[in-house]
Amino acid sequence: MFALRGVSAGYEGTTVLRDVDLVVPPSSVVALLGPNGAGKTTLLRVASGLLPLSGGELLLDGQPVTGWSPTKLAQAGICHIPEGRGVFRNLSVKDNLVLQAAAGEEDDAIGRAIEAFPVLGRRLEQRAGTMSGGEQQMLALARAYVSKPRLVLLDEVSMGLAPRIVDEIFEFLRRLAAAGTALLLVEQYVHRALAESDYVYLLHRGRIDFAGEPTELADEEVFARYLGAVA
Amino acid sequence: MLERLARALRGVSLAMSIVATIGILLAIQGVAVMRYGPRTLTMPAYLPTRSIRMVGVNVGLDQIITFLVALVAATGLYLFFRYSRMGVAMRGVVDDPDLLALNRVSPVRARRWAWFLGSSFAALSGVLIAPVLGLEAFVLTLLVVQAFGAAAIGRFSSLPLTYLGGLAVGVGASLSTKFVASVPSLRGLPSSFPFLVLFVTLLVLPRRLLVDSGAAVASPPPHTHSLPPRVARGGLVLGAGVALLVPWIVGARLPVYTNAVIYVLVFLSLRLLVRTSNQVSLAHAGFAAVGAAAFAHFTHAGLPWPLALLAAGLVGVPVGAVVAIPAIRMSGLYLAIATFGFGILLEQLIYPQSFMFGANGSLAVPRPHVSGVDLASDRGFYYVALTVAVLASVVVAWIHRSRLGRLLRGLADSPTALATHGADTKVTLVIVFCISAFLAALAGALFGALTGSIDGTPFGSFSSIYWLAILAVAGNGLIAPAFVAGIFIAVVPAYITNHTIIDLFPVMFGMSAIGNAIMSTRGSPFAGWLQGASIRSAGRADRSPVRDRMIIQEVAA
Amino acid sequence: MTAVVAPPTTDGLSVRGLSVRFGGLVAVDNLDLDAPEGRLTGLIGPNGAGKTTTFDACSGLNTPSEGSVHLFGNDVSRLGPPARAQRGLGRTFQRMELFNSLSVADNVALGREAAMAGSNVLRQIVASRHEQDEMMEAAAGAMELCGISDLADRRASALSTGQRRLVELARALAGRFRILLLDEPSSGLDHNETARFGDILERVMAERGVGLLLVEHDMSLVMRVCHHVYVLDFGKLIFEGSTDDIRDSEIVRAAYLGAEEV
């Protein structure tokens with residue numbers, strides 16, 4: 001459904017991604033793993049249109065969408081939850097939800113968000129930036145539900161969160177996947193990511209090192225790659 | 001249109017984005033002046049002027065209507081920002097434009113709305129104010145700066161607080177009128193009150209509110225292209241020859257050239273601050289005014305002419321140090337506003353004082369007298385000014401090659417790195433502002449001596465803006481642009497008799513300042529063309545004394 | 001029961017009971033850490049664990065809510081960044097803070113010159129001949145050590161990421177600091193460049209005997225060069241020990257890979 005074909009990209013003269021091929025089939029969960037600096041965040045930014053490609057193409061349902069603006073890609077159903085907290089810190093929770101919703105569906109959106117994360121209901125008037133990290137992440141994730149996307153790109157959504165909250169977030173992702181939303185998951189909790197995913201890609205220094213099913217990938221091998229024992 | 005411009009300016013260095021803003025201001029003002037002339041257009045009072053008595057005070061009906069319209073507008077704006085989708089999006093775009101795009105709202109559209117709304121409200125306030133103040137481009141611009149005071153009280157984010165801030169500033173200014181009646185020396189207070197509020201509020205606001213969000217973006221370095229040495233040396237000789245011969249060529253227009261030579265000091269001073277150190281000062285006219293006044297007093301007190309000149313420059317130093325305080329706390333646009341506010345404060349509160357330009361608002365200023373040598377004639381004085389300008393150029397060139405020069409360029413690129421390597425950047429900032437103020441004060445003193453008497457008019461706070469814009473257009477070198485800018489501002493208008501063209505000048509400078517700022521990210525095509533003449537230096541940094549010495553050491557070893 | 005905390009070390013950098021809060025977020029939580037001279041100390045942990053925040057607290061770029069920072073036995077918690085640098089603490093930045101419009105030679109020389117300038121007005125303006133020589137020597141030595149002497153005339157902004165990382169290291173080395181904080185020096189480098197960077201770090205240790213505190217994501221580099229490693233997670237110290245201990249530690253494995261599904 002969504003594919004990167006031969007994609008290269010980078011910032012100001014430094015190439016971060018080199019000739020990357022990656023496919024997210026409909027209604028599937030794909031994990032993208034790799035040590036820091038491998039280019040995972042860059043790949044997601046390319047996929048959502050925030051970063052232009054220097055080579056290759058993006059395909060959505062077989063049609064080229066290379067060069068589309070992030071707004072247009074988002075309207076086509078690609079929802080990117082960026083690294084860090086993807087919320088407007090200076091806006092209230094309610095205002096954040098208003099922006100997540102499609103025009104005219106604001107009230108419905110707020111209802112759905114509270115249904116997904118009840119804690120948000122008690123915070124509606126609070127400024128998003130003053131909530132705890134976990135609550136901010138839930139607010140950011142609410143968009144993946146509220147805006148009814150076809151594909152969600154998740155960048156380290158568990159980063160810096162307590163295990164209990166990470167559990168809750170993964171439970172949410174599981175429900176999302178069960179409802180047929182495709183997920184592309186960048187995650188540092190390798191075990192959790194492998195447990196949830198149908199396909200795995202390993203990215204190392206901007207190249208795809210491994211592509212296959214989670215069962216093909218031994219635990220020790222992943223750990224070794226992370227710790228750099230295997231170059 | 002402005003939205004497009006704003007987008008083009010993203011990623012431009014802070015000083016250059018200020019320059020571009022100023023360019024826009026000058027261009028629009030220039031067009032307004034051309035269209036309507038510099039005089040004040042009076043607008044018929046279109047609201048009923050009958051007054052009614054309220055709580056013992058006579059209040060005009062028009063004032064009440066104005067008050068209500070403002071209140072309704074502010075409330076409407078408040079509701080719009082709070083409840084409408086676009087209003088929320090406009091607040092979101094400030095927070096994180098990329099995230100807004102991911103939320104399926106185009107940040108471009110949100111910004112366009114912001115500009116549209118901003119311009120409409122500005123127009124509305126213009127219509128409301130016109131009957132009270134009259135229509136004059138300069139006055140209305142000042143008004144905008146005043147409004148920043150109210151916005152600062154609202155911490156640049158809270159609308160109700162801003163509204164209250166605006167009221168407080170207005171009421172405060174009126175109350176000060178009463179207070180001033182008993183203290184005549186403060187008669188400038190009411191009109192400068194908003195600027196006082198602005199300056200003080202900016203100084204006490206928490207620092208984190210005053211860091212431009214743009215500051216986090218690493219700005220590409222300005223491309224300074226050095227000429228091939230032979231061209232530079234040839235140019236220097238030619239320039240020096242022309243400069244020495246000027247008095248024998250230009251005839252009666254000589255004072256114009258003297259004026260240009262004096263302006264060289266101003267532009268050198270700005271060059272050091274803006275280009276070298278990436279700081280901004282819109283208080284330079286104030287520095288010059290202080291220097292001029294001090295010089296007049298010192299010569300009257302019997303100080304020898306050269307000593308008085310030096311002392312006048314030194315008087316500028318503490319004023320520069322005061323302006324360095326906001327520079328330590330803030331950067332970019334906020335610094336520009338604060339220094340501009342300070343400049344206006346000087347103009348309105350300090351210029352009228354008798355210790356500035358005397359009780360009559362004007363002081364006589366002598367030219368130097370040395371028996372046997374003609375220094376006081378136009379020709380003699382031209383050489384005096386030229387000597388000072390050349391000396392100042394040498395000093396600035398020396399500073400650039402000295403440790404201070406390296407620290408300043410480091411300061412422009414990364415103050416954090418400088419501080420974590422042990423240099424106290426607060427001290428560096430104070431030094432550069434002091435030197436800059438010293439040079440500007442010297443220029444002020446020489447202006448006085450050129451015209452023979454001095455008052456506050458040539459040092460209006462808008463001159464600072466004009467100067468900065470011209471500097472931006474004059475080129476990328478170190479010394480030469482100061483001379484080019486001096487000729488631009490003083491000589492060229494003297495040869496153009498057509499008034500329309502002279503009126504066009506600010507517009508042209510404004511436009512080219514914008515263009516130059518945008519180009520600063522890419523390197524200007526003209527400079528690129530010059531660069532082509534010396535492929536040898538392509539990709540190389542300016543030749544530095546550090547490197548020279550290293551080569552010497554290597555050879556010796 | 002209160003934990004026994006060792007007194008601050010007198011031969012390098014010591015952090016005691018450090019906590020840094022941003023609003024409601026606790027970025028660093030009651031951290032104790034030592035980076036003495038002559039040791040290459042690693043500081044690792046998942047993204048957002050608080051490593052750069054710890055660096056900023058050490059060099060005086062943020063305000064800790066609790067705790068103290070000591071340099072060679074002196075409490076420097078109340079000093080600004082320049083004063084800490086004057087006392088021997090240098091650093092590099094994850095998002096390199098180079099002087100982009102200056103040449104490489106000037107960048108490196110400024111590393112020494114900034115310290116000479118300090119907060120003295122006169123010394124900020126002029127350099128004595130003696131200082132000039134010392135500065136040149138320091139810069140030449142540092143560029144030599146980092147293998148960038150041939151780049152001396154190039155403008156810093158015109159270099160590749162790998163070269164820029166080396167310039168930043170050389171600038172810090174020219175500063176003759178006794179303790180250096182290096183923030184992710186290998187990010188943006190390719191395999192060969194990272195390996196070369198490791199060589200340079202080892203040479204620096206051998207020739208200068210300084211103390212290095214290294215925040216790094218490339219574990220191969222950490223495993224290769226570090227003598228002692230601290231592991232942060234959620235701002236808390238979860239482990240400290242030798243690189244061999246790290247390899248065997250279940251806690252570290254859990255922090256990096258996530259706990260097994262329960």
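All values reported here derive from a predicted model rather than from experimental measurement. Reminder, nothing fancy here: chain letters follow the sequence lines and each chain counts from 1.
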Query - Atom group of Ala83(C) that falls short of 4.5 Å from chain B, counting heavy atoms - result: neither

Requested in this report: Please say which of Thr428(B), Thr425(B), Asp424(B) ends up in a side chain to side chain contact (heavy atoms under 4.5 Å, CB included) with Ser119(C).
Outcome: Asp424(B)

**Report entry** Heavy-atom neighbours of Glu144(C) CD exceed 12 at 6.0 Å
**Finding:** no

Query raised in the report: With only heavy atoms counted, which part of Arg171(C) is less than 4.5 Å from chain B, the side chain, the backbone, both or neither?
Result: both

Report summary line: Looking only at heavy atoms, the pair that brings Thr420(B) and Ala85(C) closest together is O-CB, 3.3 Å

Query - Largest heavy-atom contact set with chain B, pairs under 4.5 Å, which of Ala174(C), Gly60(C), Gly111(C) - result: Gly111(C)

Report summary line: Residue from Gly90(C), Gly118(C), Gly80(C), Ala115(C) scoring the most non-hydrogen pairs under 4.5 Å with chain B is Gly118(C)

Report task. Starting at CG of Asn107(C), measure out to CZ of Arg409(B) and round the result to the nearest 0.5 Å. Result -> 10.5 Å

Query raised in the report: Does any heavy atom of chain C fall under 4.5 Å from the side chain of Ile431(B), the backbone, both, or neither of them?
Result: side chain

Report task. Would you please test Leu407(B) and Leu110(C) for side chain to side chain contact (heavy atoms under 4.5 Å, CB included) and show each step? Result -> CA-CA 8 Å; Leu407(B) 289 178; Leu110(C) 252 181; 3.8 Å; yes

Report task. Quick one: which residue pairs count as a ring pair (Phe, Tyr, Trp, His ring centres under 6.0 Å) with a foot in residues 160-183 of chain C, not counting sequence neighbours? Result -> His421(B)-Phe177(C)

Query raised in the report: By a 4.5 Å heavy-atom criterion (distance strictly below it), what part of Met96(C) contacts chain B: side chain, backbone, both, or neither?
Result: neither

Query raised in the report: In terms of heavy-atom pairs under 4.5 Å, which option from Gln124(C), Arg112(C), Arg84(C), Glu131(C) contacts chain B the most?
Result: Gln124(C)

Report task. Could you tell me which non-hydrogen atom of Arg406(B) sits nearest to which non-hydrogen atom of Leu102(C), and how far apart they are? Result -> O-CD1, 4.4 Å

Report task. Considering non-hydrogen atoms only, spot the tightest contact between Pro82(C) and Ala423(B) and give its length. Result -> CG-O, 3.6 Å

**Report entry** Value rounded to 0.5 Å, distance of CD1 in Ile125(C) from CD1 in Ile435(B)
**Finding:** 5.5 Å

Requested in this report: Measure from the side-chain N and O atoms of Glu97(C) to the backbone N and O of Ala417(B), and report whether any donor-acceptor pair falls under 3.5 Å.
Outcome: no

Report task. Would you check, one step at a time, whether the test side chain to side chain contact (heavy atoms under 4.5 Å, CB included) holds for Leu98(C) with Asp413(B)? Result -> CA-CA 7 Å; Leu98(C) 286 183; Asp413(B) 286 342; over 6 Å; no

